[in-house]
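Comments concern the structure below.
Just so we're on the same page: letters track the sequence lines, and every chain starts at 1.
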Protein chains: 2
Amino acid sequence: MSSSTTNDTPAPRPHQGRRAVISREDLMAAALKLVGPHRSVSTLSLREVAREAGIAPNSFYRHFRDVDELAVTLINQAGSALRQIIGEARTRATSERSVVRSSVEAFMEQLRADQKYLHLLLREGTVGSDAFKQAVETQLGFFEEELCQDLIRLAALKHTGIYQPQLVARAITRLVFTMGAMAMDMPEEKHPALVDQVETMVRMIILGTQSMAQADSSL
Amino acid sequence: MSSSTTNDTPAPRPHQGRRAVISREDLMAAALKLVGPHRSVSTLSLREVAREAGIAPNSFYRHFRDVDELAVTLINQAGSALRQIIGEARTRATSERSVVRSSVEAFMEQLRADQKYLHLLLREGTVGSDAFKQAVETQLGFFEEELCQDLIRLAALKHTGIYQPQLVARAITRLVFTMGAMAMDMPEEKHPALVDQVETMVRMIILGTQSMAQADSSL
DNA sequence: CGCGATAATATACATTTGTATATATAACTG
DNA sequence: CAGTTATATATACAAATGTATATTATCGCG
């Protein structure tokens, strides 16, 4: 487990022979165009993606072994992109209160701006092939890990205890993602209220773990 | 919104004409046999279900308009069945501690015993048609509602405050279901550890809402 | 230029799907 | 016993899908 995104781009060779008129990225973009609130990646057909990209069906095989492989690549890409954005939002904020708020806000904002891209992580982790599900799980694991470190850091900084930070990170991550998935089916004007709700939920968890830490240390 | 399960069984008419050799329930059972960790209801084909049930493809139309309608019925059935089980577990327990524990345990036990049935509520709420998603959302809403009443009742009983019980109920419900979905891809021997984790998560949320209620009342 | 290599396409085929149409079967009604 | 009606099947068809095979196009290199 060295890097987040498996670097499966086979390096642009000094192309002997016909130059590629289409790239893996083009196919991934085409696939992204097709997914949405009513369409999941796991239901995309090879021909459909090829059609959208404007190539012959068989040309697909030059770039991916099947649609599943494309989907996994897409998931990894979406995961690292989102993690970078959330990470930036987190470092901008300093106090605990604003860390929670700005992280959740950044998440939801990204949701609003780029629904297609987040779909993969939010909704499709539960259906599809094993490789598919595991890719989503891996990305969520990265989120948990980063959040966990942040929680520990913040607890030390503010001298508040934290009970089982790993568990806390997992609960928060899953909750935020689940609520994000809900938001995607709601009209945008309801998003602010939902951000508030999610923030409160997260704060409850944090308060809870702090209470448990106190109880634990006073034994 | 009067009842939880939409009663779409058209009442066994005094069947004039040929007696039905197959029922809606048979078709639903056949569909259930086909779903699993690697197969989602939304990908079931009409012919596939008909084949499993041992009828001609066209006979399907006598019972459901399409596979989506069958899926929605299945979801409703799964929802009310699970709610009943959890409800029984809840009434058996009295103290707050055991309410949390036994509810989570009942949920996970049901998960272990009858994976097929829970799949619908756990994993398929995010993909599929609108009717599909809304059916799952409705069932989850019922869970939230019942849990909310329980939380209020318990808070009054134990004289602990509760801040925004509706939000608490939603957070707990979503979290438990999400973790349940995770469990379905894990070997069974890891389930006990997961039950402990989920229980801790729930307890954190409850502790958190109690803290917030105290802070709120001391203004 | 010609030659080899790579990328893309064309054509084809067997499957599977949803559904339309027509027909057979069984049960109740008179 | 007809007759009516709900139920199930048979056959058929167009559309779509994944992929195998063969062909064409385009580039770099000698």
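Looking at residues two or more places apart in sequence or on another chain, you find a side chain to side chain contact (heavy atoms under 4.5 Å, CB included) between B/Ala135 and B/Val72, B/Ile75, B/Asn76. Partners of B/His38 by side-chain hydrogen bond (donor to acceptor under 3.5 Å, both in side chains), not counting sequence neighbours, listed by chain and number: A/Asp130. Listed by chain and residue number, nothing satisfies the side-chain hydrogen bond (donor to acceptor under 3.5 Å, both in side chains) test with B/Tyr163 (two or more places apart in sequence, or in another chain). Remark: A/Ala106 pairs with A/Ile86, A/Ala89 by the side chain to side chain contact (heavy atoms under 4.5 Å, CB included) rule, at least two apart or across chains.
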Per-nucleotide protein contact string for nucleotides 17-25 of chain D (B base, S sugar-phosphate only, - none; heavy atom under 4.0 Å): BBBBB---B
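The list of salt bridge (Lys or Arg N to Asp or Glu O under 4.0 Å) pairs with a residue in residues 115-126 of chain A, not counting sequence neighbours, reads A/Arg123-A/Asp185. Sorted by first and then second residue, the side-chain hydrogen bond (donor to acceptor under 3.5 Å, both in side chains) pairs with a member in residues 53-71 of chain B read B/Asp68-B/Ser129; sequence neighbours excluded. Screening residues 163-172 of chain B for salt bridge (Lys or Arg N to Asp or Glu O under 4.0 Å), with sequence neighbours left out, gives B/Glu144-B/Arg170.
For the helix from C/dC1-D/dG30 to C/dG30-D/dC1, the end axes, each set by the C1' atoms of five terminal pairs, are bent relative to each other by 10° (nearest 10°).
As a whole-Å value, the separation of B/Gln16 CD from C/dC28 C1' is 5 Å. Summarising the geometry, the separation between CD1 on A/Ile55 and C1' on C/dT6 is reported as 15 Å, rounded to the nearest angstrom.
Note on B/Ser59: every side-chain N or O is 4.0 Å or more away from OP1 and OP2 of D/dT7.
Salt bridge annotation for B/Glu48-B/Arg51: absent, with no cationic side-chain nitrogen under 4.0 angstrom from a carboxylate oxygen.
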